Structure formats: C-alpha cells, structure tokens
Chemist: 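Please see the structure below; I have some questions.
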Protein chains: 2
Amino acid sequence: MYNFEQVRYNMTNTIINESLKSIDTSSLVDKVEDGLVRLLQEKKLKVGDSIPKEVELAETLGVSRTVIREALLRLRMMGLIESKKKKGAVITSPDLFGILGKSMNPHILSQETLKGIFEIRLVLEIGMADFLFQRVTKADIEELKEIVSNEPPVAQFHLFNIDHEIAFHGKLYEITGNETLKKFQSLLLPVFDYVHNSGLLKQQSKLKTFVSHGGLVEILEKGTPEEFRNGMRSHLENHFVRLFESD
Amino acid sequence: MYNFEQVRYNMTNTIINESLKSIDTSSLVDKVEDGLVRLLQEKKLKVGDSIPKEVELAETLGVSRTVIREALLRLRMMGLIESKKKKGAVITSPDLFGILGKSMNPHILSQETLKGIFEIRLVLEIGMADFLFQRVTKADIEELKEIVSNEPPVAQFHLFNIDHEIAFHGKLYEITGNETLKKFQSLLLPVFDYVHNSGLLKQQSKLKTFVSHGGLVEILEKGTPEEFRNGMRSHLENHFVRLFESD
DNA sequence: TGTTTTTATTATGTATGACATAATAAAGGT
DNA sequence: ACCTTTATTATGTCATACATAATAAAAACA
C-alpha cells in the first residue's frame, strides 16, 4: 500500500511555502491534483495498479469528496487514470495526443495558432527524411507506388485531391515507425486542411508542380535523405510561397 | 443571447440515435460536454463572451449542477473557457500545448512514446530551416554568436552542457517566429533531456563533433536552407547513431 | 460634486448526505 | 461443478447549504 498521507504533507508544505513568497492563488483542487500527480510518479506505480477509493482519499487528505472527484477527473482527462464502477480507478499510460484531440478544433483556435500548425506540418515532413530511409521496407515502396498510380489527374480545378494527399503523406508518417509522430500528424491534419481552404492565407498565385509524389517515391527508393529533404521542400513549394507572401 | 435550449435537444437527439445502434456507454457529463462544445463552435462565440451561469445551465439542460460543473471543468482543462468568481465563465482561445504540459511527464509515459518524442525533436530542428532563413534578423545572428561564444569547453566529461544546448537551440525555435512551435519545443525539452540521460538508448559510442553550433550560425548567416538542413543533420549525428543502433 | 470606503450582491468553490447504477463477489439451487 | 440469484461496493448523479472572492451599489467623506 502506498502512503497517501504523504500527499497531505506535501499539500500543507506547498501552502506554507507559497504563502511566503506570493499569494496562494491555486484552489484546493489544484493542490490535491498536484499532490496526486506527484505521488503517482514518485512511487513508481505500474500501469494497472489501482489507487484508493474516493472516500478514502477524501478522509486521508481531509477534503470533501467533491474536491477529490474533481481532481480525479483531471487525472482522467490527462489520461493518467481510468475509473470503472466498483473497481475504482486504475493507472493507465496516457495517450499524449489523444488529450489534445478535443482542443484541436480549427474553429476555436486563434489565427496565429492555426498558421503555426500549418507550418509545423511542413517542418515535420521535410525533417523526417532520415527516419524514412532508416525504416522503409520494400513493401512500403510498393504501397506508395500503388497510391501514386491512383493519383487523380492534376488538371482539375481544385488545387489537389485531399483524400489522395492524406493517403500519400499519411503513409510516409507511417513509414517513420514513430507512432507518436503519426498520431500527432493525424491531429494536425484537419487543421491543416482548414487553413488550406480558408481565407487565412493568400490565394495560390501560380500552381506549378515541382517534385511530384512519384518523384518523392523514386528518391526514397534510390536516393539519399538529403535528396529527399530537398525534394520534399520543392514538393511543398506552393505552401511555402503562400506562407511567406503573408509574412 | 444564445439558445442553450438547443443543447438539450441535441443531447436528447444523440441519446436516441445512439441507443438505436449501440449501447450508450457515455455518461451524462459526456453528453453535456459534447453539447456545450458543439454549441460553442456552432454559434461563433468570440473570445471574451461569457456563457450562462452554472445554475442556469443546470436548469436549462435539466441536469444537476454537479454534472454541469464537471463538464465545465473539462472545457476549462481544454482551455476553452476560464471561470472567475462572480463573473462567470468566459470563452478563451485555447493554449494548445499548455494543456499537454501536465501529461508530458517522462515518468508516466511509455518507453515507445518517449523515444518517439526524442525523434520528433530531431525532425523539427532539421525541418525548420526554411523558416529560419525567412525570418532571421541580424540581431538574431548576433545573439546566436553571443551564445556560442559562451560555450563551455567541449573537453568535459559530461557529453554536453544542457543549459547551453537549451539556450542555443531554444533561440533557433524563437527565430522561426512560430509561437506554437516554440511552446511545443519547450514541452518536448524535459522529455528529450530525460531520454538522453536515461538508459533508454544505447550509450554514445564515440563522441565526435560534426558541425558545431558556430558552424550552424555561419550557415544561417551566409548559407542556404539546404546547407543548414545538412549541417543540422550532421550536428545531431550522435543522437541519430544512438537511435538507429537501438532499432 | 468627485473620490474613497463600506456594504450588499452574485457566481463560483467547497462540504455534506443521499440515492442510482453497474460491476463484482457471495450465496444459493440444480 | 455450473448456472442463477442475491448482496456488496465504488463510482455516477442529485440536492442543499455555506464559504469566498470579485464586482456593483450605496454611503461617507473631502
């Protein structure tokens, strides 16, 4: 069993310390939350371990169950715990970007943030070349070629086909073997799409295709990371132009 | 005034729809949360607008204040609202990565996620070259040179000086002018540091310095984005070696 | 009259007690 | 030994009351 009394001590300690230098602006729930988080990481609780019941915590920490519940709710939102009826709450490994998902809504983000996210996507795709080359397999190459072969004709009015873009670039993220990166990308995607189609950036002046998807695949098959970075940079040229025109 | 009655309708609607195809596993709070989020983005509420009081919401939606409070708490955690005493809750523009901060704790993340984050940092620094060149100023160059001049001697036992690393690379992120990117980086930093020093990766076999900080500054001053990407890739070579050895 | 101080008012924060609900464990019957 | 039924238990929800801090209103003062 874990010494949850310690949380109480830490809480009190924090209160004293902070009252000396600055006004304590944090609420009770804040303190309980901090205490619990600290405890969870100091004691090395393994995933699956269960923490005390709400009422026990409330008694031990000397606060109401209301406060405990709010604090636990926060931990749950962070993905730190999952609570099941009867069984109580158990530790879980947080899905980092799952948490972000809810906030990652184009309609509620500031323009600056939206533009920032747009840029981050470009940064990622240029910068991930080395991981692509390290981990790409022959099967991946074949799959990419398959995707490219299904590419809709470029002579359409709309700038490019979104679904196809997603398929191709999504596959690239997959090849990196970095699950975190891939999840991150799938979060960024809707925002990227939104920015691309909104009036946030200047309209695309000229629409030249530089390095094509097919060209990128060829580089990935026979070339070097350096060549791929340059190829990707060229491939994304239209986006860069729009961004830099707005600067 | 906004029609918060609509939330009630949507809630009921959702319940009905979902009960037809699958068992409704979501809790009351989930529904209220969804309803509120949907409403906030459908009606285009500007930042600073205030939403109804807890009791009003409770009455309108026909649920207890407890449920409303939990739902509002979630919105607050997402950075969607801020609540002040007396004034009620007001809409705010969410600080995307501020939310992540709490979960971004090395001790509670899985090894795979930690490694993924380590890699993402490398991707970012290689990929951001174009934005550096687009937005760098003479003052920035001077500041970088100043940082480099304070570089501690490399012939130390410990691989490199963390503070100096942070100063230099942090400044680079700053130059990109992308606040979101910079915040993201400052979140990644502790994780990166943790992974670097933990036994998660193989020990550094040979410690050669490839392109130095000074070299990077020189490229940024007189070179091209392409050269910078290659320079940065070389600069980070030691990290890449460790990663790929573990593959 | 204009400015400061004091006093309400109000909405969130916290506490408490009760009941509902679902998952598990225990008891019982075949 | 297996299945069904009945407790048990911990979270989910509700209701009410009071504390607290921020604001607005009123009062006092110059």
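For clarity, every value in this text was computed on a predicted model and none was experimentally measured.
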Chemist: Rounded to the Å, how far apart are B:Arg69 CZ and D:dA15 P?
Modeler: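 Atom-to-atom, B:Arg69 to D:dA15, this comes out as 16 Å.
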
Chemist: Over how many whole Å does the gap from A:Lys87 atom NZ to D:dG12 atom P extend?
Modeler: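 It is 15 Å, rounded to the nearest whole Å.
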
Chemist: What closest approach, in Å, do A:Pro190 and A:Pro106 show between heavy atoms, and which atom pair accounts for it?
Modeler: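 Closest approach of A:Pro190 to A:Pro106: O-CG, 4.3 Å.
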
Chemist: Expressed in angstrom and rounded to an integer, what is the separation of B:Glu33 atom CD from D:dG12 atom P?
Modeler: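 From B:Glu33 CD to D:dG12 P: 14 Å.
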
Chemist: A:Tyr173: which residues meet the ring-ring contact (aromatic ring centres under 6.0 Å, His included) condition with it, sequence neighbours left out?
Modeler: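 For A:Tyr173, no residue satisfies ring-ring contact (aromatic ring centres under 6.0 Å, His included) once neighbours in sequence are set aside.
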
Chemist: Applying salt bridge (Lys or Arg N to Asp or Glu O under 4.0 Å), name anything that partners A:Arg135, two or more places apart in sequence or on another chain.
Modeler: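 Applying salt bridge (Lys or Arg N to Asp or Glu O under 4.0 Å) to A:Arg135 gives B:Glu119, B:Asp247.
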
Chemist: Can you sort out the partners of B:Lys53 under salt bridge (Lys or Arg N to Asp or Glu O under 4.0 Å), two or more places apart, ordered by chain and number?
Modeler: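 Once residues adjacent in sequence are excluded, the partners of B:Lys53 under the salt bridge (Lys or Arg N to Asp or Glu O under 4.0 Å) criterion are B:Glu56.
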
Chemist: Contact class for A:Val29 (heavy atom, under 4.0 Å): base, sugar-phosphate, or nothing?
Modeler: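 Counting heavy atoms under 4.0 Å across all strands, the contact made by A:Val29 is with sugar-phosphate only.
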
Chemist: Starting at the 5' end of DNA chain C, which residue's closest nucleotide do you reach first, A:Arg65 or B:Val55?
Modeler: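 In this pair, the answer is B:Val55.
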
Chemist: Tell me, please, which residues at least two apart from A:Lys182 pass salt bridge (Lys or Arg N to Asp or Glu O under 4.0 Å).
Modeler: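 Listed in chain order: nothing, the list is empty.
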
Chemist: Give the first and the last nucleotide of DNA chain C, reading 5' to 3', that has any atom under 4.0 Å from a heavy atom of chain A.
Modeler: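 Span of nucleotides near chain A: C:dT14 to C:dT24.
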
Chemist: Rounded to the nearest Å, what distance is computed from the CD atom of residue A:Glu70 to the P atom of nucleotide D:dG12?
Modeler: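 That distance rounds to 13 Å.
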
Chemist: B:Lys85 or A:Lys84: which one's nearest nucleotide on DNA chain C is closer to the 5' end?
Modeler: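 Counting from the 5' end, the first nearest nucleotide belongs to B:Lys85.
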
Chemist: Taking only residues two or more places apart in sequence, or in another chain, which ones meet B:Glu33 in a salt bridge (Lys or Arg N to Asp or Glu O under 4.0 Å)?
Modeler: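 Expected list: A:Lys102, B:Arg74.
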
